[in-house]
Each structure stands twice: as C-alpha cells, then as structure tokens.
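Because the structure is predicted, anything quoted here is derived from the model rather than measured. Lettering follows sequence order; numbering is per chain, from 1.
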2 protein chains.
Amino acid sequence: MPPVRRPRSAKAAPASLHLTRFLPYRLSVLANTVSHTVAKLYETRFGITIPEWRIIAVLGGGETLSAGEIAQRTAMDKVQVSRAISRMLDSALILRESGDADRRKALLTLTPKALTIYAEIVPMALAYEADLTTALSDEERATLDQLLTRLQARADGLAAAPARDDAGDEDGGA
Amino acid sequence: MPPVRRPRSAKAAPASLHLTRFLPYRLSVLANTVSHTVAKLYETRFGITIPEWRIIAVLGGGETLSAGEIAQRTAMDKVQVSRAISRMLDSALILRESGDADRRKALLTLTPKALTIYAEIVPMALAYEADLTTALSDEERATLDQLLTRLQARADGLAAAPARDDAGDEDGGA
DNA sequence: TCAAGATAGTTTCGTTTGAAACTGTTGCAA
DNA sequence: TTGCAACAGTTTCAAACGAAACTATCTTGA
C-alpha cells in the first residue's frame with residue numbers, strides 16, 4: 001500500500017524544473033521524433049497517414065471490425081477513425097458494409113490493395129523498431145517493455161482520477 | 001530468461017505486427033496520455049497551453065532568451081514559439097524588448113505574473129511526475145532515464161539519416 | 001558601398017484536430 | 001405500441017498546426 005506521499009520535502013525551494021529532465025516532456029519529444037520518422041516511412045512510400053496506418057495495422061490480419069472497435073484498438077477517437085476511414089474509402093483501401101444485426105455498426109475490412117501495403121509496411125516498421133533499439137541489449141529491451149507497460153497503466157490511472165486522494169470535485173473553475 | 005528473441009533478419013514470414021507491442025505506437029500513446037493529463041493540470045488552473053507552459057518552464061529561472069533559443073530548448077519550432085509568445089504578450093505573461101546589438105532578436109523575459117504561475121506549477125508538475133513513477137523503484141527510475149536518453153539519441157540519428165540503402169527520391173506522389 | 005545571401009521572427013494558406021452538435025439506429029420501459 | 005435514453009458514426013466549427021512565403025535586420029565580399 002502506497003504511503004501517503006507528500007511532495008518532496010518542503011515547500012521552500014521551488015525545485016527548479018529542467019524541461020529536459022521532466023518525464024512528460026521527454027516522452028513527448030521522443031514519441032514525436034519517432035512518430036515523425038515512422039510516418040515518413042509510409043507516407044512517402046504509400047501516401048497514407050498515421051491514422052490510416054494504424055487502421056491498416058489492426059485490420060492487417062484480415063479481421064473485420066467496426067469503427068468503434070478500431071478506435072479502441074488504435075487509441076484514436078471515433079472522429080479521427082471516421083475521417084481516416086472516409087479517406088481510405090476514397091483510395092479503395094477499405095471496404096465498408098452495413099452490419100447485418102445492428103445497422104448502426106459498419107463492418108470494415110481491408111481491400112487486397114491495403115493488404116499488400118500492410119505486407120510491405122510491416123517489415124519496414126519492424127526494421128525501424130529494431131534499428132531504434134539497436135543501442136539496447138536484449139535485457140534492456142525487456143526492461144523497457146516492462147517499464148512502459150507499467151507507466152502506461154499508471155498514467156491511465158492518473159488520467160482517470162482527477163485529484164490526489166481528494167474528494168471528487170471534478171470542476172476546478174477559473 | 002530472455003523470452004521471445006526475434007531474429008532480426010527474418011524476411012520470410014511477414015511477422016504480424018501487433019500495434020500494442022510496437023514501440024512507436026506505445027510511446028505515442030503513453031506520451032499522449034501523460035501530456036493530456038499534465039496539460040489539464042495547468043490548463044484548467046491557469047488557462048495556459050502546452051507551448052506556453054514550456055516557455056514558462058525555460059524562462060522560469062529568470063533568464064532572458066530569444067525566441068530562437070526558446071525554440072531550441074523546448075523542441076518546438078519557431079512558428080509555434082512565435083504564436084505562443086504572441087498569446088503570452090496578450091495575457092501579460094511575457095515581456096519583449098528589442099535586442100540592443102542585433103535588432104532581429106527579441107529578448108524575452110517572464111513577467112512577475114508568469115513567475116508566480118511558474119512557482120505554482122512546478123510543484124504540481126513534479127508531483128505528477130513523482131506520482132507517475134510511483135510504481136517504479138529508484139533503480140528502475142534511473143534505468144528508465146538512461147534508456148530514454150539513449151533512445152532519443154538513436155531516434156535523432158535515425159531521423160537525420162534519410163533512407164536505408166535506397167536512392168534518394170524525396171517525393172512519393174499519390 | 002552596396003548587392004547578394006543568411007538569419008530572426010511573423011504571417012499566410014491549406015490541412016488537421018477535438019469538442020460538441022447532429023443523424024440515424026437500437027434497446028428499454030411504460 | 002410509443003417515447004426516450006443510449007449508442008454508432010458523421011458533420012460542423014473554431015482553434016491549432018506545418019510548410020512555405022514574407023519582412024526586417026544583419027553579414028559578406030566584390
């Protein structure tokens with residue numbers, strides 16, 4: 001059980017904050033650098049965007065999913081998914097058929113064209129990932145995996161819970 | 001024991017790619033979750049955006065910097081910095097005076113109002129960071145630090161280096 | 001001295017984004 | 001049934017973004 005943790009000793013020194021040592025900042029910059037590089041990989045080659053790539057990635061196995069399920073698995077919101085799908089319909093990367101049982105849900109499948117792209121991108125993506133982690137030992141890679149998993153879980157928790165152990169007043173005002 | 005070791009050279013099987021195990025994706029999602037949460041922290045309380053917070057962070061020590069230097073230290077591009085500064089001028093968070101020696105450069109300093117905000121945000125930001133890494137031991141925190149540093153360096157390198165052994169055609173077309 | 005050219009920062013333009021409003025469909029309950 | 005809330009997905013609107021064009025200043029070198 002976590003002890004009541006009080007912000008580091010003291011309120012005196014504001015403990016100057018160096019952006020380059022601030023975890024949220026570092027994660028943001030790193031993710032940005034990486035995303036940008038990977039995006040270039042398939043953007044220049046196949047003319048698809050990050051959201052489109054993610055959709056291809058989750059449907060690449062040949063599965064059929066609804067837009068909502070895609071949103072969940074790609075961590076994108078439904079608006080983003082909707083727009084990406086619309087683009088992919090235009091470029092004939094995806095197939096949409098109305099759901100049989102529930103006509104609100106549209107069933108989405110990749111076209112052969114998209115499957116081809118998938119087959120070509122996957123090795124590139126994995127190669128980049130391997131390249132990126134070249135500087136890490138196998139053990140370090142495993143550790144990284146672990147740490148990221150735990151951080152994500154924790155971040156999810158903190159995102160949900162607004163305040164500390166405070167009563168749940170949602171709205172701050174001002 | 002080292003779990004699944006993937007032979008890097010595999011070219012045969014397309015090695016299905018699970019988004020949830022793909023490092024760029026995971027970094028993106030994690031950074032996003034974290035950024036969003038932190039942003040809420042100071043957005044609701046002080047009405048400032050992420051770029052503005054970053055500028056406050058680098059100027060919080062009382063330093064005077066030019067827009068270009070800010071861009072460098074915050075990893076934002078100059079357009080973003082320019083716009084953030086413009087907003088901050090409106091809300092009296094920043095002070096701009098024309099450079100003496102080089103009149104192209106504007107010297108930027110935080111106003112007392114912004115310094116107050118800085119003093120209030122820093123503990124909140126550090127508390128969040130501490131909260132986030134609660135699930136990590138001290139050793140793991142150090143490891144994470146190390147790994148992120150190395151990954152960033154590597155990512156920077158890969159971002160600079162264009163393509164693999166391909167000819168350098170920049171434009172992909174449709 | 002003055003004509004490139006480099007540099008600092010801003011503005012413009014078209015695109016992307018997220019939140020909220022909206023349309024259409026389903027499930028539930030009176 | 002009908003009425004209404006919940007849900008799936010789309011559209012709208014205003015803000016935010018990036019790339020490229022632009023303004024203003026400084027540097028250079030002929």
Side-chain angles (χ1 to χ4, degrees), chain A residues 28-29 31-33 35-37 39-40 43-44 47-55 59 64-91 94-109 159 170-171, chain B residues 28-29 31-33 35-37 39-40 43-44 47-55 59 64-91 94-109 159 170-172 174:
Chain A
S28 171
V29 172
N32 222 40
T33 309
S35 283
H36 200 259
T37 305
K40 238 178 227 162
E43 201 213 41
T44 66
I48 63 174
T49 64
I50 294 182
E52 292 170 41
W53 148 245
R54 286 190 179 176
I55 291 177
L59 293 179
T64 294
L65 298 177
S66 72
E69 291 167 322
I70 290 178
Q72 259 189 301
R73 300 210 199 174
T74 56
M76 303 192 285
D77 79 25
K78 60 182 184 169
V79 176
Q80 219 174 352
V81 171
S82 172
R83 285 195 266 238
I85 287 174
S86 151
R87 280 192 301 264
M88 292 172 79
L89 284 169
D90 288 346
S91 47
I94 214 168
L95 214 90
R96 172 165 63 184
E97 41 179 337
S98 188
D100 39 311
D102 188 337
R103 266 182 340 205
R104 287 172 306 180
K105 298 191 185 180
L107 305 184
L108 301 161
T109 326
E170 182 81 10
D171 192 19
Chain B
S28 170
V29 173
N32 222 41
T33 309
S35 282
H36 201 259
T37 305
K40 237 178 226 161
E43 199 212 41
T44 66
I48 63 174
T49 64
I50 295 182
E52 292 168 41
W53 148 245
R54 286 191 180 175
I55 292 177
L59 292 179
T64 294
L65 299 177
S66 72
E69 290 166 323
I70 290 177
Q72 259 188 302
R73 299 211 199 175
T74 56
M76 303 192 286
D77 79 23
K78 60 182 185 168
V79 175
Q80 216 174 354
V81 170
S82 173
R83 285 196 266 239
I85 287 173
S86 149
R87 281 193 302 265
M88 293 172 80
L89 284 170
D90 288 345
S91 46
I94 214 169
L95 214 89
R96 171 166 62 185
E97 44 179 337
S98 188
D100 40 312
D102 187 337
R103 266 182 341 206
R104 287 172 305 179
K105 297 192 185 179
L107 305 182
L108 302 159
T109 326
E170 183 80 10
D171 190 20

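Scored by the side-chain hydrogen bond (donor to acceptor under 3.5 Å, both in side chains) test, A:Arg96 finds no partners at all (sequence neighbours excluded). Contacts of B:Arg87 classified as salt bridge (Lys or Arg N to Asp or Glu O under 4.0 Å), with partners at least two apart in sequence or in another chain: B:Glu52. For B:Thr109, the side-chain hydrogen bond (donor to acceptor under 3.5 Å, both in side chains) partners at least two apart in sequence or on another chain are B:Thr64. Judged as a salt bridge (Lys or Arg N to Asp or Glu O under 4.0 Å), and not counting sequence neighbours, B:Arg83 has no contacts. For A:Glu69, the side-chain hydrogen bond (donor to acceptor under 3.5 Å, both in side chains) partners at least two apart in sequence or on another chain are A:Ser66. For A:Asp77, the salt bridge (Lys or Arg N to Asp or Glu O under 4.0 Å) criterion is met by no residue, not counting sequence neighbours. Qualifying salt bridge (Lys or Arg N to Asp or Glu O under 4.0 Å) partners for A:Arg103, counting only residues two or more places apart in sequence or in other chains: none.
Residue contacts for A:Arg87: at a heavy-atom cut-off of 4.0 Å it reaches no nucleic acid atom on any strand shown. Residue contacts for B:Ser86: at a heavy-atom cut-off of 4.0 Å it reaches no nucleic acid atom on any strand shown.
Distance, B:Ile48 CD1 to D:dA16 P: 13 Å, rounded to whole Å. Across the protein-nucleic acid pair, B:Asn32 atom CG and C:dT16 atom P stand 18 Å apart, rounded to whole Å. Put simply, CD on B:Glu52 is 14 Å from P on D:dA15, counting in whole angstrom units.
The side chain of B:Gln80 places an N or O atom within less than 4.0 Å of a non-bridging phosphate oxygen (OP1 or OP2) of D:dC17.
Taking every side-chain heavy atom of B:Lys105 into account, C:dA8 is the closest of C:dT10, C:dA8, D:dG9.
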Under 4.0 Å protein heavy-atom contact, by nucleotide of nucleotides 19-29 of chain C - B base, S sugar-phosphate only: BB---BBS---
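One end of the helix from C:dT1-D:dA30 to C:dA30-D:dT1 points its axis 0° away from the other end's axis, with each axis taken from 5 pairs and the angle rounded to 10°.
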Candidate pair A:Leu108 and A:Ile55, rule side-chain contact (heavy atoms from CB on, under 4.5 Å), full reasoning: CA-CA 10 Å; A:Leu108 301 161; A:Ile55 291 177; over 6 Å; no
